[in-house]
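Contents: one structure, followed by commentary.
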Amino acid sequence: MLIISQLHTHRLFPPLILSVIRSHAFRKNVTFAVSVYSFHHFHNSRQTNPPSLGYLLQECRTLDQLKRIHGLAIQKGLDLHASVYSKIIGFCCTNDFGDMNYARDLFVKILEPSVYLWNIMIKGYSRINCPEDAASLYVEMLRKDVKPDTYTFPFLLKGFDEGIPFECGKGIHAHICKFGFDLNEYVQHSLIHMYCVYGQVDMARRAFDMNAKTDVAMWNLMVSGYNRRKQFEKSMKLFNVMEEKEIFPNSVSLVSVLSACSELKDLDAGKRIHQYVKDGKVKSNLILNNALINMYANCGEMEASLGVFSSMQDRDVISWTTIIKGCVNSGQVDQARRYFDQMPHRDSVSWTALLDGYLKVNRFKDVLLLFREMQTANVRPDAFTTVSILTACAHLGALELGEWLRVYIDKYNIKDDICVGNALIDMYLKCGEVDKALRKFANMPRRDKFTWTAVIVGLAANGHGKKALNMFSEMLDAQETPDEVTYVGVLSACTHAGMVNEGRNYFASMATHHEIEPNIVHYGCLVDLLGRSGNLKEAYNVIKNMPMKPNTIVWGTLLGACRLHKDVEMAETAAAQLLLLEPENEAVYVHLCNIYATCKKWESLQALRKIVMERGIKKTPGCSLMEVNGVVHEFVAGDHTHPQSEEMFLQLEEMNEILKLAGYVPDNLELMLGIG
DNA sequence: TTAGGGTTAG
């Protein structure tokens with residue numbers, strides 16, 4: 001610092017230089033500051049061997065530093081040299097702190113850029129995921145009669161993604177052949193990569209088969225290409241061929257094949273791959289360890305996964321997140337939380353992993369609480385986070401927060417993809433906002449079976465049975481294949497619309513038209529459809545003949561229908577079956593009491609009431625959720641614990657009066673029976 | 001003065 005403070009008073013230094021030196025000196029980047037000092041000093045005193053501009057650029061750590069060096073070079077008249085441009089553009093194009101706009105501004109000033117400059121500009125655009133800009137630069141380059149070289153195509157194709165038409169990719173392949181670079185190994189690699197990106201794994205494989213010999217990188221590309229298209233068996237198989245041909249895998253090969261093992265939950269294969277590391281045949285690194293943690297966790301071996309995790313010297317956010325996901329998948333969300341709390345750094349992926357953990361075990365309030373923590377921690381939600389929160393909102397009926405998220409998605413340009421759209425539609429429908437859901441549905445640029453299913457199930461649940469069935473036929477017209485959830489929506493739509501015959505037909509068509517075997521939920525829907533419409537015998541026969549053991553929901557549905565149609569005999573059968581399955585189910589007694597009362601079977605009622613009293617059966621109070629100002633409140637009947645309960649009960653009384661005036665008669669049988 | 005391959009989340 002002594003040198004620096006002396007420099008401050010040195011008359012030789014104009015303010016610009018001083019500010020560069022000072023800013024680095026204060027950031028304890030003294031080496032860099034001194035280099036800037038000597039660069040300036042040597043140039044001023046015309047001495048030889050100044051620290052090169054290249055050295056200074058290499059030492060740059062921020063764009064600001066680069067701009068200051070550039071300013072210095074301009075001041076020294078050095079910016080006239082093409083090499084200076086090259087260096088600065090190179091920095092901007094290849095460095096994490098680079099800036100393509102800055103590079104472009106300099107690039108356009110160069111009259112006849114060399115092929116090197118064109119190449120690194122293309123590389124720069126590919127690096128920041130702007131393949132369109134890279135491609136237009138390539139076209140411009142050809143127009144200016146600059147011949148591409150073997151570097152051009154790997155840089156260009158590296159950035160290609162689905163945003164660029166496949167035709168362009170094929171066009172580039174033709175250019176490669178035309179310019180005679182098709183035998184260059186780097187170019188071949190980039191072609192395999194490009195075909196894999198477009199999902200044309202067979203084309204990639206053809207290029208691979210023609211060229212692959214002992215080149216590990218090319219094998220790795222092909223294995224990861226299969227992974228990319230979720231063809232995990234093929235990637236495992238190719239890895240085995242690689243081993244047979246005695247091409248020695250490196251850490252990248254192991255990472256790819258471990259990813260396939262973990263997707264296929266092939267623990268044995270995973271262990272065999274791990275052996276390469278244990279035997280010291282392949283040196284481990286962070287990414288490889290992460291892949292191992294992931295493989296063991298996905299195969300349900302949390303102990304082995306944690307074993308690798310605890311043996312690691314370096315861990316990154318992915319290591320931790322993988323462990324959290326592993327705990328979540330093994331049903332240990334509280335354990336996941338403990339690891340989460342220990343993380344040195346959390347990104348939106350880690351937050352979302354834990355949010356999904358709470359979602360998985362239906363702890364929706366915890367989802368919202370954690371989301372609040374995430375906001376406090378200033379971590380911006382991404383599309384995945386948004387989907388998780390919207391799902392929680394849907395379950396809680398938290399419309400206000402759901403609406404806030406919709407605004408957030410627009411405001412912060414969250415990728416509003418098909419999943420976000422589906423989650424939004426589902427949230428609106430579960431919150432009863434049918435019109436808003438339909439508006440979003442109409443504006444979806446693409447729809448999948450989940451979009452249609454959300455709308456069909458949601459419309460049915462909101463009582464729009466006919467609309468739901470119309471949607472279903474539109475779905476079929478759009479060539480979208482329904483799944484078992486879609487059919488739950490269809491069957492419940494029939495129930496709501498009272499379309500018994502149609503319901504029977506839809507039930508039959510599940511298997512005949514779409515190869516979906518009805519599951520117990522579908523049988524439950526059928527029982528509901530038949531029961532509500534008064535076809536109690538048929539409903540009973542369905543239960544008797546279904547291929548699986550009826551559960552309490554199915555018998556409960558029949559019992560409900562018996563109450564509706566006042567069928568005491570059938571109700572007793574259903575209740576008896578229910579109590580066989582769940583002797584402690586108090587709701588059965590309540591239902592049966594109701595039915596006896598409705599049918600004026602006072603003797604039976606009294607006998608049952610006696611049993612209820614003797615066994616001390618109490619009805620579990622119902623619970624409702626309400627969202628006010630983004631906070632979800634939980635209420636149970638007769639609950640006075642809420643700080644504002646007095647006001648609430650006054651309000652309730654007022655509402656009761658209004659209801660009574662409107663002619664509403666409450667169904668208070670449970671209370672009358674003394675088991676409410 | 002420029003080259004290649006890999007891990008996490010609906």
- Message: Using a 5.5 Å cut-off between ring centres and planes within 30 degrees, is A/F384 stacked on the base of B/dA9?
- Response: yes

- Side chain of A/D417, base of B/dG10: donor and acceptor closer than 3.5 Å? yes

- Task: Name the nucleic acid region contacted by A/N285, choosing base, sugar-phosphate or nothing; use a 4.0 angstrom heavy-atom cut-off, strictly under.
- Result: base

- Task: Measure the acute angle between the ring planes of A/H175 and A/Y138, then classify it against the limits of 30° and 60° as parallel, tilted or perpendicular.
- Result: tilted

- Item | Polar side-chain contact A/D215-B/dG4 base: donor and acceptor under 3.5 Å | yes

- Task: Give A/S251 one of three labels, base, sugar-phosphate or nothing, depending on what nucleic acid heavy atoms sit under 4.0 Å from its own.
- Result: base

- Message: From CH2 of A/W219 over to C1' of B/dG4, roughly how many Å is that when rounded to an integer?
- Response: 17 Å

- Note on the structure: Checking B/dG6, B/dA3, B/dT1 against the side chain of A/P154 (C-beta onward), the nearest is B/dA3

- Geometric cation-pi criterion A/R447 and A/W452, 6.0 Å radius, 45° cone: yes

- Sugar-phosphate only, base, or nothing, as touched by A/E185 at under 4.0 Å among non-hydrogen atoms: base

- Test item: A/D347 side-chain N/O and A/S350 main-chain N/O as donor-acceptor pair under 3.5 Å: yes

- Task: Would you kindly give the OH-to-P distance between A/Y151 and B/dA3, to the nearest whole Å?
- Result: 8 Å

- Message: Of the options B/dG5, B/dT1, B/dG6, whose atoms approach the side-chain atoms of A/Y116 most closely?
- Response: B/dT1

- Neighbours of DNA chain B within residues 338-360 of chain A, by heavy-atom distance under 4.0 Å: A/V349, A/D356

